[in-house]
Every structure is written in C-alpha cells, then in structure tokens.
Amino acid sequence: MSKSDQDIPTIKLNETHKDNLIYTLYEKLGSISSNRVNLNLHNLFLSCKIIREIIRTINKADINLNIVSSNIRETLVSLSALGYPTHLYLSNNQFSEIKSEKSGIIPNESDGSMVYFHQGTLRSGEDLEDDKDILLLGDINPGAKIKSAGNILIWGRLRGIAHAGSKGNKKSKIVALELRPLQLRIGSEIARGPEEKPQPGLAEEALIKSGKIIIQPANIRPFL
Amino acid sequence: MSTNTRIILICSGKGGVGKTTLTANLGIALARQGVQTAVLDADFGLRNLDLLLGLENRIIYTAQEVLEESCRLEQALVKHKQEPNLALLPAGNPRMLEWLKPDDMQRIVAMLTKEFEYVLIDCPAGVEDGFKNAVSAAKEAIVVTNPEVSAVRDADRVIGLLNTNQVKPIQLVLNRVRPKMMASQEMLSVEDVTDILALPLLGLVLEDEQVIVSTNRGEPLTLSGSDSPAARCYSNIAKRIQGEDIPLIDPSKEGTGITDKLRRLMQTKIF
C-alpha cells in the first residue's frame, strides 16, 4: 500500500449494522472530509443489490470508493463483478476452511432462483452435475466435466468440458475467468475449444448466437 | 515409534513414469541418512521393486504368509545387504492376485509402523483395486509424473482420488526432466505441470542414462553415492522429506557448468 493510500479514511461496517446499513453508512459519511474512501465490510454477507445501494449512497456524498475489504468471499465476488477493487483478508480459522472443498445452494437475489455453489477444483475424471445454475470457485482441469441445466459461472480456469443448458435451454451461458475448454456444449450444440490461449485477465463467456456457439468478453449480468 | 511413522504412498496413475525407481532410491537415501525405512511393494502382480534393489533372490516369504501367520514379520522382511536400515516387504505372490484387501494392507502397514520410522509404499499403476488397496493404508503421498500431457492427466486423476481418501499432504515429484527440451519448449515446463496439478513440488529428477544402468544392475543410484544428476536429485528429495530446506534445481541452469560438461565427457564411451 503506497503512502497516499494510507491517507484515505476507512469506513467500517459489520454484522451489527446489518439492519440499518445505509443509514449508518450515511451518518459515517458525514464525518469524512476526503473525496476517496475505503470500505471495510468485515463479516457482512451482501448481495449485489445492497452493494449497488451502498455505492450510490457513497457517490451521492461526492465521494469515490477506493478499495473494499471483507472476509466474506461472496461479498467480494459481488463487488468485483461490479468492477470495484477488493481485498480479501481472513481470520486464522478461515484458512483451513478455504482450502477444503464445500458445496451448497445459495439464492440468486435478482430473480429468487437458486444457484448451486461449489468450492474446489474439479480434477481429471471428476464430474459435477446439477439442474440449477452452477457457480464454481476453482478450476476445471482437463478431463473433468461440469454440466448444468442452466448457466455455468466459473471463478477460475475452464480447461475441461462444460455443458450448459443440458436440458435444452439454448439461452444458457458458460462464463469463466479463463475460458480454454476442450469442448463446450450448450443445449444440443457442441463446439471444440479455441486453439489459441485467451488474453489473460479477461473473463469470457460462451453462448449461442444464430445457431452457433461463440465466445465473447463476459457480461455476467444474468447471475446478479 | 508407531504414531510418528510416516507412511508415504508413491503413486502416479500412469505406468512407467518412475514410481518404483523413486521408491528404491528414496528408500536407500533415507536409510543412508540413518532412519529405519521399510519399502512395501504393493504392486505385487508385476513386482519389480526387489529387482531394482537387487534383492530378488533373497525373498522367501511375503506379506501374504505373514497375514496367514505361517511366518513371522521378521522372516518376511528382506534386509538390504549394504544398507541394513532398509528392509523390503513384498506384498504378495504374483500368482495370487485376488487375496489382498484394503484391510490386509492396513494390517501389514500397522505391523511395519512398530519397527520403522518410514514406510514407503510402491503403488501399482492404474486406479483400480491395487491402487485402492495401497491408498487405504497411506497417510501421505508423493505423486510422480513426467513432463508429458498423458502423465500429467493421469496424475491429476490420482490426486483427485487421493483427496477423496483424505490422504495429505500430497507432494509432487517431476521425473525425467530434460532441461534442453524444456528450454526449447518441446516439453511441458515445470510451470505448466504445477499450474494444472497445483501441488507443492518436492523435487525434480533429471533424465539420466545412469538410471537404466543401475536398474539393470539392481543397485539404486543413491546406493553407490554416485554423483550422477539423477542421484543428486534423489538424495535431495530424501533430505527434503526429512525437513531439510534444499532449493529446487533450476532446469534452465542444469548441465551448463564446466563440471557438468567434464562429467558428461568422462561418461561418454569412446568405443
């Protein structure tokens, strides 16, 4: 962190402010004289909807958001998706947790549907299949396969096989931070993965356009 | 001693990448460092560990007889001639493939832990019954792979299976590294391999013709204290297992020094 970063004040919010989050934030903003602010969200589990509201409140006070830290991964994933720089810090007991695999079902705030969440890398020979949208935190190695009746979002590298819309939904998408699959399938369409390496740091998505699977820079709105 | 015994499975998935060679050389190297080491050949259908160690003609009993109580464990253990700290236990007779079950494996290993500080299990290739038996007794694992796509793919599969069997830590040994081919990008680089497998690298082993010579003689390279490239790599791995902090070799800098060139010249046979 450079010296100029240290001069930026930090607003801290945590679980105890959950019920009147925006009001507390509004009050705290009143005492800020700088035009940039860092946000520490501690253990708050926030959806994109609330985060957008937080950002609107901050911007209304003519202040720009600098960096956001939290120890909740999901909150930071939402923030990164909205394009804000984030910082994950972990308390000691969380290190063991982040290493181990886990999966579960989390709600998608925007439309009330459910998302299947899996943390951990799928290695060669391993399969993951679900009827819901799948959010995977980890890589899909060559030889592994992921299959969903809905969309697939991979917060990691896709180097195996992904099949979205396995029950025939042709509007399904496959999104990955590094899209380098062996094979892509959407609905009943099948495509081989691209030969060349994708540009690093650019998330891409695969979808069907005029009957063919194409790859383009990602627009992850359907998940948020 | 029993609770501190390190039970290390040496596996790869793919055959021929150097599991048995690594087991033999590590066994000797650890024994030379003065630790009581047992090597267990779990690949009893196609057993070669005894050949590599030069102990083939000394095998009288196997773990099978020990479990049937027709002999004592001490009788089945084959002590190495030059390295008395090392003992080999063949798991079974190549003609009796069906008898061994995961329970049996656990019982054998439990017996070995009473006498030894290290138990190295030489795992058979594949992920079928032989692998499952071997995994059931192991606490930690070393995955051996070569810088080839097929070997890395199989290693990845094996790592997934080790994870589901709660074997950890799992470390990686990259075998048969050819620095020149890596430099010219004809071979997967160290980064390519670790990028996919995402395991801590325990060591690299350089490709070395001396390995073939030593295998045929039944004298592992680490035994003669040879200074060949692979021998150095094997002893470094043994030291790292023991917790010594030895830096990994850099393949791009291997074989360029004057001593390396001289050694290569001296090993070249003129006629």
Side-chain angles (χ1 to χ4, degrees), chain A residues 73 88 93-104 118-130 134 136-147 154-162 176-183 192-204, chain B residues 9 11-15 17 123-132 134-135 139-172 174 185 187-201:
Chain A
R73 289 180 293 274
L88 175 71
N93 56 5
Q94 275 184 305
F95 276 109
S96 52
E97 189 202 323
I98 202 164
K99 271 186 201 156
S100 64
E101 291 199 6
K102 60 172 186 180
S103 37
H118 179 89
Q119 183 184 339
T121 293
L122 293 190
R123 291 188 182 271
S124 172
E126 294 179 326
D127 279 1
L128 178 66
E129 192 176 338
D130 203 86
I134 298 180
L136 183 122
L137 213 57
D139 293 349
I140 296 176
N141 279 358
K145 203 169 157 189
I146 187 167
K147 192 171 171 184
I154 298 150
W155 206 259
R157 295 174 290 200
L158 170 59
R159 292 185 284 198
I161 297 176
L177 294 189
E178 192 183 308
L179 197 63
R180 229 170 111 197
L182 286 174
Q183 203 182 78
R192 271 177 287 125
E195 297 283 324
E196 66 279 5
K197 274 189 175 185
Q199 202 180 322
L202 179 73
E204 291 180 313
Chain B
L9 179 72
C11 57
S12 69
K14 187 175 179 293
V17 295
C123 183
V127 290
E128 292 81 24
D129 288 352
F131 172 78
K132 285 178 195 153
V135 168
K139 279 190 201 155
E140 51 186 297
I142 296 175
V143 175
V144 188
T145 190
N146 293 354
E148 296 166 18
V149 176
S150 54
V152 171
R153 183 70 59 89
D154 292 359
D156 194 38
R157 177 102 180 84
V158 161
I159 296 162
L161 293 171
L162 290 171
N163 280 333
T164 56
N165 283 287
Q166 272 88 44
V167 177
K168 63 180 166 184
I170 309 170
Q171 289 171 296
L172 185 68
L174 190 55
Q185 297 187 334
M187 190 176 242
L188 291 180
S189 72
V190 179
E191 289 73 31
D192 289 337
V193 176
T194 50
D195 194 40
I196 290 190
L197 299 181
L199 286 186
L201 196 56

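These figures come from a predicted structure and were not determined experimentally. Every chain is numbered from 1 and lettered A, B, ... according to where its sequence line falls, protein lines coming before strand lines.
Distance OG1/B:T164 to CD/A:E126: 7.5 Å, rounded to 0.5 Å. Note that CD1 of B:I159 and OG of A:S124 are 10.0 Å apart. Values are rounded to the nearest 0.5 Å.
A salt bridge is absent between B:D156 and A:R159: the closest approach of a Lys/Arg side-chain nitrogen to an acidic carboxylate oxygen does not fall below 4.0 angstrom.
Between chain A and the residues B:I196, B:V152, B:L197, B:V158, the most heavy-atom pairs under 4.5 angstrom are made by B:I196.
For the pair A:R123 (side chain) and B:N163 (backbone), a donor-acceptor distance under 3.5 Å is absent.
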